[in-house]
Number of protein chains: 2
Amino acid sequence: MPSRHPNPDPAPDGDPPRWRRRKDARPQEIVAAAMEVFAERGFAAARLEEVAARAGVSKGTLYLYFPSKEELFKAVIRAAILPNLEQAEAMVASAGGPCFPLLERLLRMVARLIATTRMAVIPRLVIAEAGNFPELAAFYHHEVIRRGFGVVSALLWRGIGSGEFRPMPVDPSVRLIVAPLLMSAVWRTSFDGVDGEPPLDVPALMEVHIDNLRRVLLRDTGDGAGAGDGAP
Amino acid sequence: MPSRHPNPDPAPDGDPPRWRRRKDARPQEIVAAAMEVFAERGFAAARLEEVAARAGVSKGTLYLYFPSKEELFKAVIRAAILPNLEQAEAMVASAGGPCFPLLERLLRMVARLIATTRMAVIPRLVIAEAGNFPELAAFYHHEVIRRGFGVVSALLWRGIGSGEFRPMPVDPSVRLIVAPLLMSAVWRTSFDGVDGEPPLDVPALMEVHIDNLRRVLLRDTGDGAGAGDGAP
DNA sequence: TCTATATAACTGACCAGTCAGTTACTAACA
DNA sequence: TGTTAGTAACTGACTGGTCAGTTATATAGA
């Protein structure tokens, strides 16, 4: 099979070489291909032969850049999630003013990622393999969950400190805020299209969630702070 | 390897037979063994050899009672979930009076199942294999999710109809009510004990969730219907 | 005796990871 | 400006192992 990344500056003479040395481009091409295949098949069922084919290299080449299937998977997770996580951390760290609108922006941002990108498959993949690859679960917990929880947690503490939010148990609240995101990601990659159901409307779900959170998190201010259909 | 279900009424004479015909008992013993193994390894990584060993039979015997690994898995799901689902359906159908306490009972019941039984692994297993076995996902959606959602949905409609609950979009609300349960189940079977974290306190999480739902679902009644730390 | 029930050896297919060999590129030297 | 070692990048056939599902054979029980 010819490379899917052929000579970008074809030699004028004779036939093009069967392959080219492209040390710098390979890793990210391999990771992109692996992302596709893992997303379609899950970790265990993904075939490295197939990853290699989609990356336009041979299986042996994979092992020049990644020592094992598991490390390749970690690289996929890092590439898919870390940039977004860093963006979220920066957003919360830098923003001033009231916390609730910031939380709204955060939730909408993640919801959009879940609804529109392949990133949504990652939680499912990790959940699936956690039993057989505990080290993978630990990696994901340490690199993603802990940091993600940290972002929301910081936001809640700030809101409580300023009096904007009600006092509340922070750890359970973080989990309850995040749960619908997890559910959306899992749903979209496991049940969408099954049984003739319409696909899950992630943004709509998120708007209802945000409305609910307004009632739950915000300290009562006397005026109708909640959604519009409430008391007279 | 000797059977773990040896002759329950050992023959008085000579050596006991190498095996016994136990047509009626086999299926449930096999399903119980399969539940264990699937829970520990996931669907794909579970070995039928091991299921057979734990059930005290040979692999061939499995195929006398279940035509394939997939059908065996379905049997496991049915055995683990259907009784509880039916109990929940009966509870909602038969109970009168206000809806919110009923919802509380329902949530606490499921939370207890998730926190204390092996049932909690089922969602993880289905999620994990949904990509590779779409028919399994469809089965689970049809037999479990649809009915589970139906129970909560019925409850919400009733509460809205009676004026106990605020008007609300029912489908998203059902998902938001269920999401923390799903998260708890997944967490307990994927991340508990990882990274030195204390295990998830499912009942505590559920109590916070229920408090939140009180604020979200119940129509404002003027008095302090919400949790105890609110307005004077 | 007859046969439903059970066994255990077998088959065929799959795949992660390895490694001996091949090729594209580089730079030292003519 | 060739030419030619030298080497890093790459290939693909191979190994060793796994496991779902099948089948020839044996025996419990009627």
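Throughout, a chain's letter reflects where its sequence line sits, starting with A, and its residues are numbered from 1.
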Show me, pair by pair, the donor-acceptor contacts under 3.5 angstrom made by side chains of residues 145-157 of chain A, not counting sequence neighbours?
from: Arg146(A); atom 1: NE; to: His142(A); atom 2: O; distance (Å): 3.3
from: Arg146(A); atom 1: NH2; to: His142(A); atom 2: O; distance (Å): 3.3
from: Arg147(A); atom 1: NE; to: Glu89(A); atom 2: OE2; distance (Å): 3.0
from: Arg147(A); atom 1: NH2; to: Glu89(A); atom 2: OE1; distance (Å): 2.8

Quick one: [X] [atom1] to [N] [atom2], roughly how many Å, whole number?
X         : N       : atom1 : atom2 : answer
Leu72(A)  : dG17(C) : CG    : C1'   : 13 Å
Phe133(A) : dA16(C) : CZ    : P     : 10 Å
Glu49(B)  : dG17(D) : CD    : P     : 17 Å
Glu71(A)  : dG17(C) : CD    : C1'   : 15 Å
Glu70(B)  : dC19(D) : CD    : P     : 19 Å
Asp24(A)  : dA9(D)  : CG    : C1'   : 12 Å
Tyr63(B)  : dA9(C)  : OH    : C1'   : 15 Å
Phe66(A)  : dT18(C) : CZ    : C1'   : 18 Å

Checklist entry - Checking Lys69(B) side chain against Ala46(B) main chain: does a donor-acceptor pair fall under 3.5 Å? => result yes
Checklist entry - What pairs with Glu71(A) under salt bridge (Lys or Arg N to Asp or Glu O under 4.0 Å), at least two apart in sequence or on another chain? => result Lys74(A)
Checklist entry - Do any pairs count as a salt bridge (Lys or Arg N to Asp or Glu O under 4.0 Å) and have a residue in residues 198-208 of chain B, sequence neighbours left out, and if so which ones? => result Arg108(B)-Glu207(B)
Item to check | Pairing residues for Arg188(B) by the side-chain hydrogen bond (donor to acceptor under 3.5 Å, both in side chains) criterion, not counting sequence neighbours | outcome: none
Item to check | Glu40(B): side-chain hydrogen bond (donor to acceptor under 3.5 Å, both in side chains) partners, not counting sequence neighbours | outcome: Arg54(B)
Next on the checklist: Whether Arg22(A) contacts dC10(D) is assessed here as follows: a side-chain N or O lying under 4.0 Å from the phosphate OP1 or OP2. Is that the case?
Outcome noted: no
Checklist entry - Any side-chain N or O of Thr61(A) under 4.0 Å from OP1/OP2 of dT11(D)? => result yes
Item to check | Set of side-chain contact (heavy atoms from CB on, under 4.5 Å) partners for Ala138(B), sequence neighbours left out | outcome: Val194(A)
Next on the checklist: Checking Ala75(B) now: which residues fulfil side-chain contact (heavy atoms from CB on, under 4.5 Å) with it, not counting sequence neighbours?
Outcome noted: Val31(B), Phe66(B)
Next on the checklist: Taking the six-membered ring for Trp, are Phe139(B) and Phe133(B) closer than 6.0 Å centroid to centroid?
Outcome noted: no
Next on the checklist: For a quick check of understanding: with a heavy-atom distance under 4.0 Å over all strands, which category does Tyr65(A) fall into, base, sugar-phosphate or nothing?
Outcome noted: sugar-phosphate
Please write out the pairs of protein N or O atoms and N or O atoms of nucleotides 13-15 of chain C separated by less than 3.5 Å, giving the distance to one decimal.
from: dC15(C); atom 1: OP2; to: Arg47(A); atom 2: NH1; distance (Å): 3.2

Checklist outcome for this item: Picking from dA9(D), dA6(C), dC10(D), the nucleotide nearest the side-chain atoms of Lys23(A) would be dA9(D)
Contacts under 3.5 Å, N or O only, protein and nucleotides 20-24 of chain C:
from: dA24(C); atom 1: OP1; to: Arg18(A); atom 2: N; distance (Å): 3.1

